[in-house]
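Below, all heavy atoms of this structure are taken into account, side chains as well, without hydrogens, waters or symmetry copies.
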Amino acid sequence: MTKPRKSSADNVTTIGTWAHASVGALNSYGIDGEGVCREAGIEVARITDPNYRIPVSVMTPLWRRCVTLSGDTAFGLRVAENVSLTTFHALGFASFASRNFQEVAWRIMNNVSVVSEVARVRLDMKPEEIWFCIDVLEDGPEVSDEAIDAFMGALVYLGRQVVGVDLPVEQVQMRRPDPGQRERYESFFGAPLTFASHVNALVAPLSAAKRLMPGYNPDLVAANEKVLDEYRATQTRSLLARVESCIADLLPEEPLQARVAEQLNMSVRKLQRALEKENTSYQQVLDLYRERKALAMLKENRVAMKEMAYQLGFANQSAFTRAFKRWTGTTPRKYLTDGD
């Protein structure tokens with residue numbers, strides 16, 4: 001029998017611990033969660049291992065099967081109530097040891113591929129608000145509404161139940177159609193909610209988003225950032241990890257795309273095409289890497305701004321400041337001041 005070829009959608013994965021949270025949710029309805037996962041082709045023995053990855057093309061029908069079996073159109077929220085900090089590998093610990101909600105949002109934005117490769121997180125910085133937006137890749141595999149519900153819900157749940165703080169969410173926007181349980185959703189998030197919106201977003205007042213979180217622990221952040229770096233490095237199948245490794249090797253020299261392509265034994269055009277298949281570009285990978293390293297250096301306050309610009313491969317400090325403001329909506333100096 002000929003083995004079916006894997007489609008490109010099979011290469012887009014999500015962290016396997018989502019299945020573990022789904023098992024817990026199904027069990028709460030008296031349903032054999034492990035049995036349902038086995039039927040979906042998931043290796044149940046591995047669902048507590050954050051290094052286990054499941055294709056999104058497998059998880060999407062599983063989410064919908066769970067809704068059918070449970071009869072609960074808000075099943076994603078029940079899954080959110082079954083997550084723990086370990087569900088998201090070291091990202092959970094690093095995020096909720098962060099200084100404030102704005103930093104939590106930045107950290108998740110830079111590491112969202114740990115959770116799932118099918119979405120991107122962006123921050124929309126408005127004069128009085130911060131919008132934490134989750135964009136599903138348009139040319140990626142289909143994603144269920146429940147997966148988005150669970151991800152957004154997990155952030156609020158972990159803050160409230162694990163860290164002991166309500167994230168400063170003042171409104172919630174969801175692209176999904178109204179599932180008919182508005183009161184439950186608004187009670188869960190503790191904020192008014194708009195369905196059939198143009199975006200998936202948690203909205204917080206900018207002033208509250210910069211307020212110090214009670215669990216702030218820079219040492220814990222640094223330790224888990226190191227674990228995240230190692231996690232990305234071990235995902236050898238990931239082109240993004242290999243590109244980041246090349247960038248790190250080239251710095252403090254300007255990490256030109258041609259140099260990276262050469263190290264990967266590719267032409268520039270081949271590298272561009274490969275990154276397009278990953279729904280990204282070389283500039284996006286470079287920006288995210290530089291931003292992550294810049295934020296780490298700022299938190300440790302170990303080098304002057306001019307030296308930081310040099311270590312990250314910028315021509316001068318002004319170029320670094322412009323890039324930092326593009327990434328975060330503020331300057332490096334103001335970032336440090338706001339955190340005081």
Side-chain angles (χ1 to χ4, degrees), residues 91 94-95 97-114 120-135 201-213 216 218 221-222 224-226 228-229 232 240 243-257 259-260 275 280-340:
L91 180 57
S95 294
S98 297
R99 174 168 42 190
N100 51 40
F101 175 68
Q102 185 173 10
E103 190 175 293
V104 170
W106 281 337
R107 182 153 285 114
I108 293 172
M109 178 179 69
N110 290 334
N111 295 281
V112 68
S113 62
V114 171
R120 294 291 181 268
V121 168
R122 61 184 169 85
L123 301 186
D124 191 353
M125 308 295 292
K126 300 181 183 293
E128 302 295 333
E129 295 174 329
I130 176 173
W131 285 53
F132 176 84
C133 305
I134 303 165
D135 301 323
L202 299 174
V203 184
L206 192 56
S207 58
K210 292 183 177 182
R211 192 177 301 141
L212 188 69
M213 288 175 54
Y216 177 46
V221 168
N224 282 281
E225 283 280 9
K226 183 178 180 180
L228 286 170
D229 285 342
R232 280 188 294 268
L240 304 187
V243 170
E244 284 196 353
S245 179
C246 291
I247 290 171
D249 289 341
L250 290 171
L251 291 174
E253 294 182 22
E254 184 179 359
L256 298 174
Q257 184 175 3
R259 294 283 306 281
V260 170
L275 289 172
T280 189
S281 68
Y282 178 75
Q283 190 60 52
Q284 286 177 305
V285 176
L286 177 60
D287 281 347
L288 286 174
Y289 180 86
R290 280 172 157 171
E291 179 185 359
R292 189 168 66 248
K293 294 303 177 184
L295 290 174
M297 283 190 277
L298 282 171
K299 291 175 188 63
E300 295 175 15
N301 198 24
R302 67 172 186 256
V303 294
M305 294 293 177
K306 185 175 181 180
E307 177 64 15
M308 193 180 304
Y310 167 75
Q311 289 189 20
L312 292 173
F314 287 95
N316 50 55
Q317 185 177 334
S318 295
F320 166 58
T321 299
R322 287 194 299 273
F324 191 94
K325 191 170 184 180
R326 186 176 72 251
W327 301 330
T328 66
T330 189
T331 65
R333 294 191 188 283
K334 194 166 188 305
Y335 171 84
L336 287 173
T337 302
D338 288 344
D340 292 339

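Partners of Arg290 according to the salt bridge (Lys or Arg N to Asp or Glu O under 4.0 Å) rule, which considers only residues two or more places apart in sequence or in another chain, do not exist here. In terms of the salt bridge (Lys or Arg N to Asp or Glu O under 4.0 Å) criterion, Glu291 has no residue partners (sequence neighbours excluded).
Using bins of under 30°, 30° to 60° and over 60° for the plane-to-plane angle, the ring pair Tyr335/Phe324 lands in the perpendicular bin. Between Trp327 and Phe320, the ring planes are perpendicular. Angles over 60° get that label, and only those under 30° would be called parallel.
A side-chain contact (heavy atoms from CB on, under 4.5 Å) with Glu254 is found for exactly one of Leu250, Leu251, Leu256, namely Leu256.
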Item to check | Residue pair Val121, Asn110: steps toward the side-chain contact (heavy atoms from CB on, under 4.5 Å) verdict | outcome: CA-CA 8 Å; Val121 168; Asn110 290 334; over 6 Å; no
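Residues Asp229 and Arg292 are in side-chain contact: their nearest non-hydrogen atoms beyond the backbone lie under 4.5 Å apart. Annotation: side chain of Ile130 is in contact with side chain of Met125 (closest heavy-atom distance under 4.5 Å). Residues Arg333 and Thr321 fail the side-chain proximity criterion, which asks for heavy atoms closer than 4.5 Å. Taking 4.5 Å as the limit, some side-chain heavy atom of Leu212 sits within range of a side-chain heavy atom of Arg99. Put simply, the side chain of Leu91 reaches to within 4.5 Å of the side chain of Arg107, judged on heavy atoms. Between Pro255 and Tyr289 the shortest side-chain heavy-atom distance does not fall below 4.5 Å. In this structure, Phe132 and Ile108 have side chains that are in contact, with non-hydrogen atoms separated by less than 4.5 Å. Counting only heavy atoms from C-beta outward, the side chains of Gln311 and Lys293 never approach each other to under 4.5 Å.
One finds the CD1 atom of Ile134 at 6.0 Å from the CG atom of Leu202 (value rounded to the nearest 0.5 Å). Considering CG of Leu295 and CD of Glu103, their distance stands at 7.0 Å, rounded to 0.5 Å. Atom CG in Leu312 sits 11.0 Å away from atom CD1 in Ile247 (nearest 0.5 Å). Distance CD/Glu225 to CG/Asn111: 6.0 Å, rounded to 0.5 Å. Thr331 contributes atom OG1, which lies 13.5 Å from atom CZ of Arg322 (distance to the nearest 0.5 angstrom). How far SG of Cys133 is from CZ of Arg120: 15.0 Å, rounded to the nearest 0.5 Å.
The local environment of CZ in Arg211 is sparse, with at most 12 non-hydrogen atoms from other residues, nucleotides or ligands closer than 6.0 Å. Annotation: Lys226, atom NZ; neighbour count of heavy atoms from other residues, nucleotides and ligands within 6.0 Å does not exceed 12. Within 6.0 Å of OH on Tyr310 lie no more than 12 heavy atoms contributed by other residues, nucleotides or ligands.
Checking side-chain atoms of Gln284 against main-chain N and O of Ser281 turns up a donor-acceptor pair under 3.5 Å.
What you find for Leu228 and Ala94 is that their closest heavy atoms are CD1-CB, 4.4 Å. What you find for Met305 and Leu298 is that their closest heavy atoms are CE-CD2, 3.7 Å. Annotation for Gln102 and Leu123: closest pair O-CD1, 4.5 Å, computed over non-hydrogen atoms. Smallest separation of non-hydrogen atoms from Val260 and Tyr282: CG2-OH, 3.3 Å. In terms of heavy-atom proximity, Lys126 sits nearest to Leu206 at O-CD2, 4.0 Å. The two residues Met213 and Ser98 have their closest heavy-atom pair at CB-O, 3.9 Å.
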